[in-house]
Protein chains: 2
Amino acid sequence: MRLLIARCSVTYAGRLTATLPPAVRLVMVKADGCVAVHADGGAYKPLNWMNAPNTLTEEHGDDDVLRWRVENPQGETLEIAIEEIRYDWSEPLGEDPGLSKDGVEAHLQELLADHPDAVEDGLELVRREYPTDIGPVDLLCRASDGAAVAVEIKRRGELPAVEQLARYVERLERDPLLRPVRGVLVAQRIKPQARTLAEDRGLAWIEVDYDLLRGIDSGELRLF
Amino acid sequence: MRLLIARCSVTYAGRLTATLPPAVRLVMVKADGCVAVHADGGAYKPLNWMNAPNTLTEEHGDDDVLRWRVENPQGETLEIAIEEIRYDWSEPLGEDPGLSKDGVEAHLQELLADHPDAVEDGLELVRREYPTDIGPVDLLCRASDGAAVAVEIKRRGELPAVEQLARYVERLERDPLLRPVRGVLVAQRIKPQARTLAEDRGLAWIEVDYDLLRGIDSGELRLF
DNA sequence: TATTACATGTCGACC
DNA sequence: GGTCGACGTGTAATA
């Protein structure tokens with residue numbers, strides 16, 4: 001990794017054009033060749049950057065300005081004109097053992113598979129990941145009135161989730177053994193627009209509380 | 001900005017749980033208090049981070065380990081256990097004059113609002129951001145034959161854009177004052193799949209040249 | 001504050 | 001190599 005604190009101006013030309021006037025910034029070059037220009041604020045996103053793979057060429061201008069030109073295979077370019085270097089540090093850090101994540105996402109589906117009645121009273125699970133030719137439905141259930149219910153589970157309920165569920169229900173409706181099929185979108189939070197579209201498509205929606213569900217689940221486990 | 005090259009292990013607990021085993025990494029602390037932990041590769045995204053606003057507390061463990069605890073108002077925490085500092089640099093960079101961008105969707109919409117006939121001959125703008133209950137249509141226009149035309153503008157035309165436009169047209173069709181309503185997807189580049197789906201839904205599509213449009217726009221301005 | 005839609009989104013999984 | 005969906009998405013604009 002190389003860390004350069006320098007007064008520089010930057011231009012990116014590619015999917016859009018973005019320019020930075022001269023100022024003191026951090027230029028970070030990682031071992032994989034990616035380059036990022038950071039200001040002293042504004043979250044972790046750099047002002048300008050170029051991801052690997054790319055090629056970096058350096059040239060000295062006659063005006064004491066060092067010019068870096070970073071280009072990627074798509075022809076996008078990042079040009080950094082370095083007027084003054086304040087600090088320059090470089091050393092390999094070595095491989096990183098990597099990040100391990102423990103997500104909330106998969107757990108939510110497990111919990112609801114165990115407690116389908118949290119979605120609708122009397123609902124019983126038929127199968128998780130019920131296959132259709134456009135992909136698996138998260139949960140296929142049977143309601144107390146005998147109707148099939150397709151449940152789509154998301155952490156956040158947005159428009160694409162409604163479309164996805166609508167497609168599933170449409171497919172499942174073609175199966176005479178399942179028909180009629182209702183659809184329910186379940187999420188921790190469902191956006192107003194998604195609610196509107198769901199209702200419009202004849203789909204139900206419900207927000208569930210993850211912590212509450214987990215509490216119910218662990219409470220029941222304690223009974224055994 | 002503070003740059004720390006250190007052997008450290010990191011834990012984030014918040015929307016999910018993520019842990020990093022000990023390794024040498026860059027810890028970047030910006031003037032606004034945001035913290036990012038970078039490996040020597042993997043694009044510009046840090047392995048772990050905590051955005052501003054947050055509070056950083058430092059404590060010395062009895063085992064020669066320096067412990068940073070970063071917490072934000074939502075109660076999410078980032079904990080960094082620093083075992084060994086290899087390099088520690090700190091200095092304010094000052095305010096950044098900021099980034100100027102050209103070529104984002106907003107610009108494209110402005111240009112097309114000024115020149116709807118670039119989409120279709122004789123098209124006239126009725127209103128930008130025409131509201132519907134599932135979101136605003138980028139441009140609502142009137143064609144020379146009197147039909148309403150909903151224009152959806154994207155930098156890149158992909159499947160979701162077609163579906164979005166289809167939803168808008170479906171909504172607008174319900175308004176007897178607008179009916180019949182045609183839909184046009186406008187983008188700098190439209191993927192073949194999106195073209196096919198658009199045609200399938202009875203929607204038109206057109207690719208526009210941003211630089212050309214800008215040229216037309218500045219050319220017309222010169223007339224006044 | 002909350003809601004929305006864009007982003008040089010990035011990133012991984014799967015085909 | 002593409003397509004798709006998730007993301008601790010972040011971010012700015014808007015109501």
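Every chain is numbered from 1, with letters handed out A, B, ... down the list of sequences.
- Between Glu95(B) and Arg25(A) there is no salt bridge, since no side-chain N of the basic residue sits under 4.0 Å from a carboxylate O of the acidic one.
- Annotation for Glu124(B): atom CD does not count as buried by contact number, only 12 or fewer foreign heavy atoms lying within 6.0 Å.
- A side-chain N or O of Thr19(B) and one of Ser100(A) form a donor-acceptor pair less than 3.5 Å apart.
- Under a 3.5 Å cut-off, the side chain of Asp40(A) and the backbone N or O of Ala31(B) do form a donor-acceptor pair.
- We find that CD1 of Ile134(B) is positioned 14 Å from C1' of dA5(C), with the value rounded to whole Å.
- Among the heavy atoms of the strands, none lies under 4.0 Å from Pro160(A).
- At the heavy-atom level, Gly103(B) lies nowhere under 4.0 Å from the strands shown.
- Spacing between dC6(C) and dC7(D) at atom C1', rounded to whole Å, works out to 15 Å.
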Taking only N/O atoms, report every protein-nucleotides 3-5 of chain D pair under 3.5 Å with atom names and distance.
from   : atom 1 : to        : atom 2 : distance (Å)
dC4(D) : OP1    : Gln193(B) : OE1    : 3.2

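- Closest-nucleotide positions on DNA chain C for Glu76(A) and Arg189(A) were compared, and the one nearer the 5' end corresponds to Arg189(A).
- Look at CZ on Arg15(A): it is 10 Å from C1' on dT10(C), rounded to the nearest Å.
- Between the side chains of Lys30(A) and His38(B), at least one donor N or O sits under 3.5 Å from an acceptor N or O.
- In this structure, of dT8(C), dT11(D), dC11(C), it is dC11(C) that holds the atom nearest to the side chain of Ala43(B).
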